[in-house]
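Remarks on the structure that follows.
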Amino acid sequence: MAIDDNELLRLIQRGDTVALGMLYVRYSARVKAFAMGFVHNGIDADDITHDVFFNLWQQRESINDIASLKAYLFRMTRNAIFSIYRHRHIADAYLAKMKENVQEASNETEDKIATADLLELVNLIINDMPEQRRRIFTMNRFDNKTYDEIATELGISRKTVEYHISQALIQLRKINRLMLFFI
């Protein structure tokens with residue numbers, strides 16, 4: 001003799017796990033099919049199905065006066081589907097933010113590497129300059145000395161300082177042409 005849904009619910013309220021198993025056998029395929037129609041993923045549909053019946057068991061003492069078990073299971077399944085969608089939305093937003101952060105960090109790292117490479121090229125060109133040109137250039141650009149101060153300190157004319165600075169800048173502009181080759 002088949003036991004009706006209301007009798008199974010009364011038995012579940014009293015802690016009867018066999019009655020829960022009977023309801024599970026009776027309705028789990030319907031719950032899973034309904035969930036599958038929305039989540040399109042067998043694992044998620046199985047999780048929803050198990051959660052619905054687990055929650056039914058957890059709430060067994062407070063499930064008085066259910067007019068329709070099918071409608072009650074439908075609402076529980078619908079709420080579980082909404083929960084999955086909210087979770088997916090939050091997870092997708094989190095992943096998008098993480099991807100954005102990784103991209104920003106990657107760009108920042110690339111910028112640091114590019115800057116370091118450029119500084120290395122500049123230092124190579126400066127170190128490759130003739131001794132007096134390198135000395136005049138570093139005094140001007142790194143020590144912030146004026147042309148007149150350099151001329152006085154080194155005992156050379158201002159024109160010689162201007163000549164060496166202009167030659168140093170010509171050499172350094174070669175970097176721009178080389179860098180354009182890679183852009």
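Along the sequence shown, the residues carry numbers beginning at 1. All heavy atoms count here, side chains included; hydrogens, waters and symmetry mates do not.
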Nearest 0.5 Å please: distance from the [atom1] atom of [X] over to the [atom2] atom of [Y].
| X | Y | atom1 | atom2 | result |
| --- | --- | --- | --- | --- |
| F53 | I48 | CZ | CD1 | 12.5 Å |
| I125 | Q171 | CD1 | CD | 7.0 Å |
| I3 | L23 | CD1 | CG | 9.5 Å |
| D4 | L9 | CG | CG | 9.0 Å |
| L73 | L56 | CG | CG | 6.5 Å |
| R158 | E162 | CZ | CD | 4.5 Å |

Taking the side chain as everything from C-beta on, heavy atoms only, tell me whether [X] gets closer than 4.5 Å to [Y].
| X | Y | result |
| --- | --- | --- |
| L8 | R26 | yes |
| M76 | D51 | no |
| Q167 | H164 | no |
| L154 | M139 | yes |
| I84 | F38 | no |

Could you tell me which non-hydrogen atom of [X] sits nearest to which non-hydrogen atom of [Y], and how far apart they are?
| X | Y | value |
| --- | --- | --- |
| M129 | L172 | CE-CG, 4.3 Å |
| F137 | A168 | CD1-CB, 3.5 Å |
| R134 | I126 | CD-O, 3.3 Å |
| V39 | A45 | CG2-N, 3.9 Å |

Between the main-chain N or O of [Y] and the side-chain N or O of [X], is there a donor-acceptor pair closer than 3.5 Å?
| X | Y | result |
| --- | --- | --- |
| E149 | T146 | yes |
| D128 | L124 | no |
| N140 | I136 | no |
| R135 | Q132 | no |

Can you hop from [X] to [Y] via hydrophobic side chains spaced under 4.5 Å?
| X | Y | value |
| --- | --- | --- |
| V25 | V52 | no |
| F54 | I66 | no |
| F34 | M36 | no |
| Y163 | I156 | no |

Those residues that, when tested against E153, pass salt bridge (charged side-chain N to carboxylate O under 4.0 Å, His left out) (two or more places apart):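 In terms of salt bridge (charged side-chain N to carboxylate O under 4.0 Å, His left out), with neighbours along the sequence ignored, E153 is linked to K145.
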message: Which residues pass the salt bridge (charged side-chain N to carboxylate O under 4.0 Å, His left out) test with D44, not counting sequence neighbours?
response: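 Scan of D44 (salt bridge (charged side-chain N to carboxylate O under 4.0 Å, His left out), adjacent residues dropped) gives R88.
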Sequence neighbours excluded, every pair satisfying side-chain hydrogen bond (donor to acceptor under 3.5 Å, both in side chains) that has a member inside residues 66-85: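 As it turns out, the side-chain hydrogen bond (donor to acceptor under 3.5 Å, both in side chains) pairs with a partner in residues 66-85, which skip direct neighbours, are Q59-Y72.
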- prompt: CD of E120: more than 12 outside heavy atoms within 6.0 angstrom?
  reply: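 Counting neighbours around CD of E120, 12 or fewer heavy atoms of other residues, nucleotides or ligands fall under 6.0 Å, so no.
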task: Please check if atom CG in L95 has more than 12 non-hydrogen atoms from other residues, nucleotides or ligands closer than 6.0 Å.
output: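 Yes, because the 6.0 Å sphere around CG of L95 holds more than 12 heavy atoms from other groups.
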task: Provide the full list of ring-ring contact (aromatic ring centres under 6.0 Å, His included) pairs with a residue in residues 139-160, sequence neighbours left out, each pair given once.
output: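 The answer is none; no pair qualifies.
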task: With sequence neighbours left out, write down each residue that passes ring-ring contact (aromatic ring centres under 6.0 Å, His included) with H50, or none if nothing qualifies.
output: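 Listed in chain order: Y24.
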- prompt: Which residues pass the ring-ring contact (aromatic ring centres under 6.0 Å, His included) test with F82, sequence neighbours left out?
  reply: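 Once residues adjacent in sequence are excluded, F82 has no partner under the ring-ring contact (aromatic ring centres under 6.0 Å, His included) criterion.
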message: Y27 vs L69, test: side chain to side chain contact (heavy atoms under 4.5 Å, CB included). Steps then yes/no.
response: CA-CA 10 Å; Y27 290 107; L69 179 62; 3.6 Å; yes
